[in-house]
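Down below is the structure, laid out as structure tokens.
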Amino acid sequence: MDIGKTVLVTGGSSGIGFTISRHFVKAGYQLLWVSLFQKEIENAKSQLQSEVQDCKINALELDLSLPDAAQKVYEWVKHNQWHIDVLINNAGFGTYGFSTEIDVNRELNMIDLNVINVYKMTRFFLKDMIDHNKGTIINISSNTSFQPTPKLSAYGATKSFVKHFSRSLNEELKILNSKVKVMCVCPSAIKDTNFRKAGKMDNLKTFSGLATTTSEEVAKDVWNGFIKRKDFVISGWKMRILYRISGVVPYRVQQFLVRKEIKEVY
Ligand SMILES: NC(=O)c1ccc[n+]([C@@H]2O[C@H](COP(=O)([O-])OP(=O)(O)OC[C@H]3O[C@@H](n4cnc5c(N)ncnc54)[C@H](OP(=O)(O)O)[C@@H]3O)[C@@H](O)[C@H]2O)c1
């Protein structure tokens with residue numbers, strides 16, 4: 001067991017943040033969570049503590065879409081003299097619909113959480129990791145970063161930012177000969193988290209379609225990718241196959257299939 005190591009997971013108290021946390025806590029990591037709702041945090045804490053003896057969990061209830069959120073998280077960590085070995089930028093949500101019809105403030109809030117907060121959290125914690133020449137940042141992107149995503153236009157764009165930023169930073173770290181890694185994870189549509197309901201996407205074909213995955217599968221892929229020190233993880237075996245063959249499928253065929261995937265089925 002790696003006693004003494006600490007992982008900070010945003011949105012760790014539910015969804016894939018929770019299932020990923022379980023792998024780390026079983027390996028002896030101290031868990032730090034930052035999530036939106038105290039009640040969710042308390043329930044999730046009790047569940048993990050009943051599963052894993054002596055697991056250490058500290059949590060901060062905070063809206064990460066606020067402008068000073070990343071700084072507050074950094075100050076919380078410094079105040080408690082924790083050293084972050086792994087940062088997982090996972091908290092995020094999606095908006096669905098035609099871009100001219102979606103509530104503009106909801107989309108701006110999504111951009112604040114999915115892009116600005118990921119950028120700021122990475123900027124705060126990466127510097128310390130580089131100074132210590134160790135650590136990993138795991139940023140959760142999405143398969144929506146692979147191609148245009150009608151009716152998920154802004155959401156897909158936020159996840160494209162996460163992918164491009166993460167992969168580019170990781171290449172910078174190689175130039176610096178640093179042992180720090182930024183790993184980017186792209187899950188396909190996950191059937192069993194709150195994401196689809198929160199984004200009013202419950203009836204989208206993609207959640208029962210060709211390349212769906214589960215929170216357990218994503219957590220396993222993230223953990224294995226972390227252990228193997230991978231740069232880039234496509235989560236969900238069906239999505240990995242589709243990604244490989246997508247290189248030989250013409251763009252118009254790919255987009256025809258995407259349009260079918262985002263159809264409402266009832
Ligand atoms: N589900 C999918 O199909 C899918 C596919 C690809 C990528 N992803 C990405 O995977 C990540 C996790 O999604 P999920 O499926 O696990 O969704 P989820 O079940 O809705 O979990 C989202 C987590 O983010 C937290 N969160 C949301 N807004 C927040 C805010 N303003 N401040 C702080 N925390 C906030 C939530 O905290 P509370 O529990 O306190 O509300 C929750 O723990 C997201 O970045 C998402 O974009 C999801």
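Please read these numbers as outputs of a predicted model, since none were measured by experiment.
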In the structure I gave you, are the side-chain heavy atoms of Lys78 and Asp128 within less than 4.5 Å of one another anywhere? yes
For a 4.5 angstrom cut-off between non-hydrogen side-chain atoms, does Phe146 reach Ile234? yes
Distance-only, no hydrogens or angles: does the Asn170 side chain make a donor-acceptor pair with backbone N or O of Ser166 under 3.5 Å? no
Give a yes-or-no answer on whether the side chains of Glu40 and Ser13 include a donor-acceptor pair shorter than 3.5 Å. no
Could you give the distance from OH (Tyr243) to CG (Asn143), rounded to the nearest 0.5 Å? 11.0 Å
When you compare the side chain of Phe226 with that of His23, does any pair of heavy atoms fall below 4.5 Å? no
For the residue pair Leu8 and Val34, establish whether any side-chain heavy-atom pair is separated by less than 4.5 Å. yes
Check whether any side-chain heavy atom of Phe232 lies under 4.5 Å from a side-chain heavy atom of Cys186, and answer yes or no. yes
Test item: Leu66 and Lys72 side chains (from C-beta on) under 4.5 Å apart, heavy atoms: no
Would you say Lys174 and Asp231 make side-chain contact, with heavy atoms under 4.5 Å? yes
Donor-acceptor pair, Gln255 side chain versus Pro148 backbone, under 3.5 Å? yes
Evaluate the criterion side chain to side chain contact (heavy atoms under 4.5 Å, CB included) for residue pair Leu204 and Tyr96; output intermediate values, then yes/no. CA-CA 10 Å; Leu204 284 201; Tyr96 168 76; 3.4 Å; yes
Going through the checks in order, is the side chain to side chain contact (heavy atoms under 4.5 Å, CB included) test met by Tyr74 and Val77? CA-CA 5 Å; Tyr74 189 71; Val77 167; 5.6 Å; no
Taking the side chain as C-beta and beyond, is there a heavy-atom pair between Thr213 and Lys238 under 4.5 Å? no
Polar side-chain atom of Asn114 near backbone of Thr158 as donor-acceptor pair, under 3.5 Å: no
When you look at Leu152 and Met201, which way does the side chain to side chain contact (heavy atoms under 4.5 Å, CB included) test go after all the steps? CA-CA 10 Å; Leu152 289 162; Met201 302 174 212; 3.8 Å; yes
Is a side-chain donor-acceptor pair under 3.5 Å present for Asp192 with Ser215? yes
Does a donor on one side chain sit under 3.5 Å from an acceptor on the other, for Thr19 and Glu216? no
Run the numbers on Arg252 and Phe256 for side chain to side chain contact (heavy atoms under 4.5 Å, CB included), then give the verdict. CA-CA 6 Å; Arg252 65 174 191 288; Phe256 171 74; over 6 Å; no
On the six-membered ring of Phe93, is Arg106 placed so that its NZ or CZ lies under 6.0 angstrom from the centre and within 45° of the ring axis? yes
